[in-house]
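For the numbers below, each heavy atom of this structure counts, side chains included, while hydrogens, waters and symmetry mates do not.
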Amino acid sequence: MNKHDNTCIRHISPRFLLLDYVTQREVFSYYTRMNFNLVLSLLHDDSAVEDVLQEAFLKLIRNTPMDLKDHCRGAWIKKTTRNTALNFIRKAKKERSYIDIDSMYARDFIISPYDLVEKEVEVRILKENINLYLEELKPQQRNIIQQRWQQEYSYQEIANKMSISEEVTQQRLYRARVNLRKKMKWWLN
């Protein structure tokens with residue numbers, strides 16, 4: 001490990017927030033390179049790996065002991081990241097539950113009495129297609145979209161319900177939207 005690596009590892013602490021933007025990006029990039037393969041070997045899903053790395057990094061900068069010796073810091077970072085990944089796996093096993101899409105409401109597409117019949121038909125078809133494509137998403141992505149769009153939960157409520165940070169909630173929702181758009185691309189054109 002060279003001097004630059006040691007410096008990056010030392011910056012993973014509560015003092016991280018005091019660093020300039022460029023240094024923060026460099027430290028996070030180093031952390032990601034250092035732990036990506038470890039987490040990927042456990043999860044086998046790139047987007048989940050990114051979520052876990054973000055969550056673990058937030059834990060690390062919030063909870064790093066100030067008296068942690070430099071020669072122990074790298075091992076502590078790897079162990080915390082690994083434990084976060086294992087917790088993610090345990091939580092995913094618990095959350096594997098079927099969500100009945102037929103019981104959901106698409107309130108975003110309310111039709112006023114003055115709309116044309118043609119518009120009403122388009123909206124109904126769109127709602128049906130969204131529900132069909134939601135079924136094709138991974139259960140975690142489908143769940144987060146349904147909580148945000150159909151149940152109208154805030155990011156904070158979703159984060160609390162799923163026991164994750166608000167930042168990870170926003171990132172997962174973004175990825176779920178991207179996947180839904182990809183699946184519906186032909187229909188939207």
Peer 1: When rounded to the nearest 0.5 angstrom, what is the spacing between OG in Ser13 and CG in Leu19?
Peer 2: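 The CG atom of Leu19 is 7.5 Å from OG of Ser13, to the nearest 0.5 Å.
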Peer 1: Quick one: pull up OG1 in Thr32 and CZ in Arg25 and give me the separation to the nearest 0.5 Å.
Peer 2: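 One gets 10.0 Å once the value is rounded to the nearest 0.5 Å.
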Peer 1: Between Thr81 and Ile77 (side chain of the first, backbone of the second, donor and acceptor by atom type, cut-off under 3.5 Å), is there such a pair?
Peer 2: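 Indeed, once roles are kept as given, a pair shorter than 3.5 Å links the two residues.
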Peer 1: Where do Gln24 and Asp20 land on the side chain to side chain contact (heavy atoms under 4.5 Å, CB included) test, with the steps shown first?
Peer 2: CA-CA 6 Å; Gln24 285 181 349; Asp20 64 279; over 6 Å; no
Peer 1: State the NZ-CD distance between Lys182 and Glu136, to the nearest 0.5 angstrom.
Peer 2: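 It is 14.0 Å, given to the nearest 0.5 Å.
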Peer 1: How far apart are the closest heavy atoms of Ala85 and Leu43, and which atoms are they?
Peer 2: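 Looking at all heavy atoms of both residues, the shortest contact is O-CD2, 4.1 Å.
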Peer 1: Just so I know, are the side chains of His44 and Val49 near enough to count as touching, which here means a heavy-atom distance under 4.5 Å?
Peer 2: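 Contact flag for His44/Val49 side chains = no.
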Peer 1: Got a second to check how far Thr7's OG1 is from Glu26's CD, nearest 0.5 Å?
Peer 2: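 Reported value, rounded in 0.5 Å steps: 9.0 Å.
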Peer 1: Indicate the atoms forming the closest heavy-atom contact of Asp45 with Leu40, along with that distance.
Peer 2: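 Looking at all heavy atoms of both residues, the shortest contact is N-CD1, 3.9 Å.
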Peer 1: Quick one: does Asp46's side chain get under 4.5 Å of Phe36's, heavy atoms only?
Peer 2: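 Of all side-chain heavy-atom pairs linking Phe36 with Asp46, at least one is under 4.5 Å.
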Peer 1: Check each of Thr169, Ile158, Asn143 against Arg148 using the side-chain contact (heavy atoms from CB on, under 4.5 Å) test, and report the only one that passes.
Peer 2: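 Only one of Thr169, Ile158, Asn143 forms a side-chain contact (heavy atoms from CB on, under 4.5 Å) with Arg148, namely Ile158.
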Peer 1: Side chains of Arg172 and Gln141: closer than 4.5 Å at any heavy-atom pair?
Peer 2: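 Counting from C-beta outward, Arg172 and Gln141 never come under 4.5 Å.
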Peer 1: Tell me, do Ser165 and Glu55 make a side-chain contact under 4.5 Å, heavy atoms counted?
Peer 2: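 Sidechains of Glu55 and Ser165: in contact.
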Peer 1: Any side-chain heavy atom of Thr80 sitting closer than 4.5 Å to one from Trp76?
Peer 2: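 A side-chain contact exists here, since the closest heavy-atom pair is under 4.5 Å.
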Peer 1: If only side-chain N and O atoms count, and only distance matters, is there a donor-acceptor pair under 3.5 Å linking Thr84 with Asn87?
Peer 2: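 No.
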Peer 1: When you group the ILVMFWY residues by side-chain heavy-atom contacts below 4.5 Å and let the links chain together, are Val27 and Leu17 in the same group?
Peer 2: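 Both belong to a single hydrophobic cluster.
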Peer 1: Walk me through it: do Leu134 and Gln150 pass the test side chain to side chain contact (heavy atoms under 4.5 Å, CB included)?
Peer 2: CA-CA 12 Å; Leu134 276 174; Gln150 281 123 358; 3.8 Å; yes
Peer 1: Assigning hydrophobic clusters by single linkage (Ile, Leu, Val, Met, Phe, Trp, Tyr; side-chain heavy-atom cutoff under 4.5 Å), is Val52 placed with Ile89?
Peer 2: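 Linked, Val52 and Ile89 end up in one cluster.
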Peer 1: Side chains of Lys91 and Ile164: closer than 4.5 Å at any heavy-atom pair?
Peer 2: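 Result yes, sub-4.5 Å side-chain heavy-atom pair found.
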Peer 1: Which atoms form the tightest heavy-atom contact between Arg73 and Ile12, and what is the distance?
Peer 2: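 Where Arg73 meets Ile12 most closely, the heavy atoms are NH1-O, 3.6 Å.
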Peer 1: Applying side chain to side chain contact (heavy atoms under 4.5 Å, CB included) to Asn160 and Glu166, what does each step give before you reach the verdict?
Peer 2: CA-CA 8 Å; Asn160 291 340; Glu166 196 169 336; over 6 Å; no
Peer 1: What heavy-atom pair brings Arg10 and Arg15 nearest, and what distance separates the two atoms?
Peer 2: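 Arg10 and Arg15 have their closest heavy atoms at O-NH2, 4.0 Å.
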Peer 1: Angle between ring planes, Phe16 versus Phe57, binned at 30° and 60°: parallel, tilted or perpendicular?
Peer 2: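 If you compare the ring of Phe16 with that of Phe57, the planes turn out perpendicular.
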Peer 1: Residues two or more places apart in sequence or in another chain: which of them pass ring pair (Phe, Tyr, Trp, His ring centres under 6.0 Å) with Tyr153?
Peer 2: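 If we apply the ring pair (Phe, Tyr, Trp, His ring centres under 6.0 Å) test to Tyr153, skipping adjacent residues, there are no hits.
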Peer 1: Just verifying a value: how many Å separate Ser154 OG and Gln147 CD, rounded to the nearest 0.5 Å?
Peer 2: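 These two atoms lie 10.5 Å from each other.
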Peer 1: At what distance, to the nearest 0.5 angstrom, does OG of Ser41 lie from CZ of Arg82?
Peer 2: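 So the OG of Ser41 and the CZ of Arg82 are separated by 9.5 Å.
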Peer 1: Is any side-chain heavy atom of Ile9 closer than 4.5 Å to one of Tyr30?
Peer 2: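 A side-chain contact under 4.5 Å exists here.
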Peer 1: Can you name the nearest heavy-atom pair linking Leu173 to Ile144, along with the distance?
Peer 2: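 Minimum heavy-atom contact is CD1-O, 3.9 Å.
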Peer 1: Return the minimal non-hydrogen interatomic distance between Leu60 and Tyr31, and the atom names on each side.
Peer 2: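 Minimum heavy-atom contact is CD1-CE1, 3.5 Å.
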Peer 1: Could you check whether Arg175 pairs with Glu50 (Lys NZ or Arg NE/NH1/NH2 to Asp/Glu carboxylate O, under 4.0 Å)?
Peer 2: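 Looking at Glu50 together with Arg175, the answer is yes, because their closest N to O distance falls below 4.0 Å.
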Peer 1: Around atom NZ of Lys79, are there more than 12 heavy atoms from other residues, nucleotides or ligands closer than 6.0 Å?
Peer 2: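 12 or below, so no.
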Peer 1: With a 4.5 Å cut-off on side-chain heavy atoms, are Lys138 and Asn179 touching?
Peer 2: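 Sidechains of Lys138 and Asn179: no contact.
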Peer 1: Taking Leu86 as the starting point, is it possible to reach Leu38 by hopping between hydrophobic residues whose side chains are less than 4.5 Å apart?
Peer 2: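 No; tracing contacts between hydrophobic side chains, which count when under 4.5 Å, never links both residues.
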Peer 1: Going through the checks in order, is the side chain to side chain contact (heavy atoms under 4.5 Å, CB included) test met by Glu135 and Arg142?
Peer 2: CA-CA 7 Å; Glu135 281 295 314; Arg142 182 173 58 235; 4.2 Å; yes
